[in-house]
Participant: 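Below: one structure in structure tokens.
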Amino acid sequence: MKVRVFTADSMQSAIAQAKSALGRDAIILHTRKFRKGGLLGFFSKEEVEVTAAVDTSIATIPPQKAEPCVEEVAVQSELASMRSLLEKVISKIPPGSEHSSVLDLLMNNDIDIQIAEQIINDLPMDYTNFDVESPELKQLLITQIQTCFKSVEGIKIPEQGRKIAAFFGPTGVGKTTTIAKLAAKFAIQEGYQIALITADTYRISAVEQLKTYSDIMGIPIHVVYAADELKAVLDSNQDKQLILIDTAGRSPHNDEQLDELTKLLHIDDVIEKYLVLSATTKYKDALDIVKKFSICMPHKVIFTKIDETRNIGTIVNLLYQFPISLSYVTNGQNVPDDIELVDINRLTPLILRDL
Ligand SMILES: Nc1nc2c(ncn2[C@@H]2O[C@H](COP(=O)(O)OP(=O)(O)OP(=O)(O)O)[C@@H](O)[C@H]2O)c(=O)[nH]1
Ligand SMILES: [Mg+2]
């Protein structure tokens with residue numbers, strides 16, 4: 001303990017001196033007043049004496065750090081993991097807000113994030129010079145997307161011989177309607193000799209559906225129940241320049257049905273196989289469909305119902321994933337009008353409709 005005595009002309013001033021010399025923890029041990037100077041007791045001045053002390057042992061003990069409680073530990077660890085997560089997320093965002101705006105635009109059009117990144121990375125020039133909503137940037141993206149369209153070909157009927165085309169895919173995508181549109185185009189508008197075959201004996205009224213079109217157009221129709229019957233009908237229609245085969249819609253997850261379909265379609269190697277897909281299909285489902293139906297070895301793909309969706313990025317996503325040859329797109333229920341050969345210049349602006 002350290003003890004010191006302080007004198008001043010007032011109690012306040014003496015205590016202030018003590019605190020200033022010994023610190024805020026100083027304690028006052030004793031005070032007394034006394035008179036100083038003067039002559040024979042006259043003219044003397046009253047003074048105050050303060051005895052103060054400070055415990056030096058307290059001052060030298062290092063302050064104890066309180067042990068954190070369980071809740072504090074949990075909060076600290078939570079904060080640490082949030083910080084590390086945030087750092088990871090930030091590290092993945094490429095620098096520049098232009099990049100994320102263009103990425104958003106592509107993703108708003110249903111283009112998968114990884115494919116959108118690829119499209120942006122492959123742009124031949126610095127897109128950051130352009131305003132995100134500028135027509136120049138839109139054109140740059142469209143031109144880049146067009147590079148994924150490898151080949152487009154519709155049904156080509158040879159001068160000599162015939163063409164046999166079969167249509168297959170998931171249920172309800174528009175196979176039968178598309179066949180009716182193509183039958184009208186080739187038979188009525190272009191005057192070819194054609195025949196229809198339906199192998200869809202699975203769904204009640206499926207035969208009736210195609211028969212109604214064949215009756216209106218005056219085109220012969222055959223119904224087949226098995227692969228060998230198909231072979232026989234193809235053999236008996238040698239005089240036809242085009243034969244269109246309808247099949248029952250199949251789930252991509254039913255392997256037994258897909259095997260049966262594959263056998264039917266491979267009864268004759270000359271059959272040109274068209275996978276029919278709806279443009280309204282979610283990308284992940286479309287991926288499954290293309291993977292599963294690849295067992296049937298499609299030559300070309302038809303996208304239907306592009307009138308029913310605002311975002312047809314699924315088409316771009318698939319083209320970036322698979323070396324698909326395109327043929328037709330359909331854009332409505334009207335037979336025969338709502339079908340056209342894929343025109344890249346007309347289709348790609350639709351893909352970026354929301355730009
Ligand atoms: N909006 C729109 N509807 C279409 C288009 N193509 C077909 N449809 C309609 O889709 C529905 C199903 O058409 P279908 O031709 O019967 O389909 P499908 O693939 O043959 O069906 P399943 O044989 O049952 O597998 C019908 O209502 C058609 O009118 C199109 O391009 N746009
Ligand atoms: Mg059908």
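Atoms within a ligand are numbered from 1 in the order they appear, just like the ligands themselves. The figures here come from the full heavy-atom set of this structure, side chains too, leaving out hydrogens, waters and symmetry mates.
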Participant: Tell me whether Thr330 contacts the main-chain N or O of Lys305 through its side chain, where contact means a donor paired with an acceptor under 3.5 Å.
Facilitator: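 At least one qualifying donor-acceptor pair exists.
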Participant: Suppose we measure from atom 15 (O) of ligand 1 to each protein heavy atom; which comes out shortest, and what is that distance?
Facilitator: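 Sorting protein heavy atoms by distance from atom 15 (O) of ligand 1 puts Thr177 OG1, 2.5 Å first.
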Participant: Look only at interatomic distance and state if Thr171 has a nitrogen or oxygen under 3.5 Å from any nitrogen or oxygen of ligand 1.
Facilitator: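 No; every N/O pair is 3.5 Å or more apart.
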Participant: For ligand 1, is there an atom lying under 4.0 Å from some heavy atom of Arg250?
Facilitator: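 Heavy atoms of Arg250 never come under 4.0 Å of ligand 1.
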Participant: Out of Thr330, Val173, Ile179, Asp200, indicate the one that has the non-hydrogen atom closest to atom 31 (O) of ligand 1.
Facilitator: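 When every heavy atom of Thr330, Val173, Ile179, Asp200 is considered, Thr330 comes closest to atom 31 (O) of ligand 1.
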Participant: Does Thr176 bring an N, O or S atom to within less than 2.8 Å of the Mg ion (ligand 2)?
Facilitator: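 Given the 2.8 Å cut-off, Thr176 counts as a ligand of the Mg ion (ligand 2).
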Participant: Hey, is ligand 1 close enough to Asp338 that some N/O pair sits below 3.5 Å?
Facilitator: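 No; every N/O pair is 3.5 Å or more apart.
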Participant: Just checking, is any N or O donor in the side chain of Gln209 or Arg203 under 3.5 Å from an acceptor N or O on the other one?
Facilitator: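 Yes, a side-chain donor-acceptor pair sits under 3.5 Å.
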Participant: Write out the residue and atom name of the closest protein heavy atom to atom 16 (O) of ligand 1, then the distance separating them to 0.1 Å.
Facilitator: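 Closest protein heavy atom to atom 16 (O) of ligand 1: Gln209 NE2, 3.0 Å.
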Participant: Does an N or O anywhere in Gly172 fall below 3.5 Å from an N or O of ligand 1?
Facilitator: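 Yes: some nitrogen or oxygen of Gly172 is under 3.5 Å from one in ligand 1.
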Participant: Would you kindly specify which portion of Ile306 sits under 4.0 Å from ligand 1, judged on non-hydrogen atoms: side chain, backbone, both or neither?
Facilitator: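 Near ligand 1, Ile306 shows nothing, with every heavy atom at 4.0 Å or more.
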Participant: Go through the steps to decide whether Leu196 and Ile179 satisfy the test side-chain contact (heavy atoms from CB on, under 4.5 Å), and finish with yes or no.
Facilitator: CA-CA 9 Å; Leu196 301 177; Ile179 288 173; 3.9 Å; yes
Participant: Can you tell me which residue and heavy atom of the protein come closest to atom 27 (O) of ligand 1, and the distance to 0.1 Å?
Facilitator: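 Sorting protein heavy atoms by distance from atom 27 (O) of ligand 1 puts Gln333 NE2, 3.3 Å first.
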Participant: Are the side chains of Phe130 and Met125 in touch, meaning some heavy atoms are under 4.5 Å apart?
Facilitator: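 Heavy-atom side-chain distance check passes, below 4.5 Å.
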Participant: Could you work out, for atom 6 (N) of ligand 1, the closest of Ser278, Gly249, Gly332, Ser205 by heavy-atom distance?
Facilitator: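 Answer by nearest heavy atom: Gly332.
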Participant: Considering both backbone and side-chain atoms of Glu308, is one of its nitrogen or oxygen atoms within less than 3.5 Å of a nitrogen or oxygen in ligand 1?
Facilitator: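 The answer is yes, given that Glu308 and ligand 1 share an N or O pair closer than 3.5 Å.
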Participant: Val290 and Leu318: side-chain contact (heavy atoms from CB on, under 4.5 Å), yes or no, with the steps?
Facilitator: CA-CA 8 Å; Val290 174; Leu318 290 178; 4.0 Å; yes
Participant: Tell me the closest heavy-atom pair linking Ile219 and Ala195, and the distance in Å.
Facilitator: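 Where Ile219 meets Ala195 most closely, the heavy atoms are CG2-CA, 4.0 Å.
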Participant: Give yes or no for whether the N/O distance cutoff of 3.5 Å, strictly under, is met between Arg203 and ligand 1.
Facilitator: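 N/O-N/O distance under 3.5 Å: yes.
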Participant: Look at ligand 1 and say whether Ala206 reaches it with a heavy atom at a distance under 4.0 Å.
Facilitator: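 It does not; every heavy atom stays at 4.0 Å or beyond.
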Participant: Taking 4.0 angstrom as the limit and counting only heavy atoms of Asp307, give me the atoms of ligand 1 inside it, by number and element.
Facilitator: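 The atoms of ligand 1 under 4.0 Å from a heavy atom of Asp307 are 1 (N), 2 (C), 30 (C), 31 (O), 32 (N).
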Participant: Could you tell me whether Lys305 approaches ligand 1 through its side chain, its backbone, both or neither, with non-hydrogen atoms closer than 4.0 Å?
Facilitator: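 The answer is both, backbone and side chain.
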Participant: Checking a contact table here: which protein heavy atom is nearest atom 17 (O) of ligand 1, and how many Å away?
Facilitator: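 The closest one turns out to be Gly174 N, 3.0 Å.
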Participant: Working to the nearest 0.5 Å, report the span between CD of Gln118 and CD1 of Ile111.
Facilitator: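 Gln118 CD to Ile111 CD1: 11.5 Å, rounded to 0.5 Å.
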Participant: Check contact between Asn331 and ligand 1, using heavy atoms of the residue and a distance below 4.0 angstrom.
Facilitator: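 Asn331 counts as a contact of ligand 1 under the 4.0 Å cut-off.
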Participant: Would a distance-only check, ignoring hydrogens and angles, find a side-chain to backbone donor-acceptor pair under 3.5 Å from Asp285 to Thr281?
Facilitator: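 No.
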Participant: Output yes when Lys33 and Glu47 qualify as a salt bridge under the 4.0 Å nitrogen-oxygen rule, no when they do not.
Facilitator: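 Looking at Glu47 together with Lys33, the answer is no, because their closest N to O distance does not fall below 4.0 Å.
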Participant: With a cut-off of under 6.0 Å to the ring centre and 45° to the axis, is Arg250 in cation-pi contact with Tyr202?
Facilitator: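 Yes, cation above the ring, under 6.0 Å and within 45°.
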Participant: A side-chain contact here means heavy atoms from C-beta on lying under 4.5 Å apart; do His222 and Asn237 qualify?
Facilitator: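 In contact.
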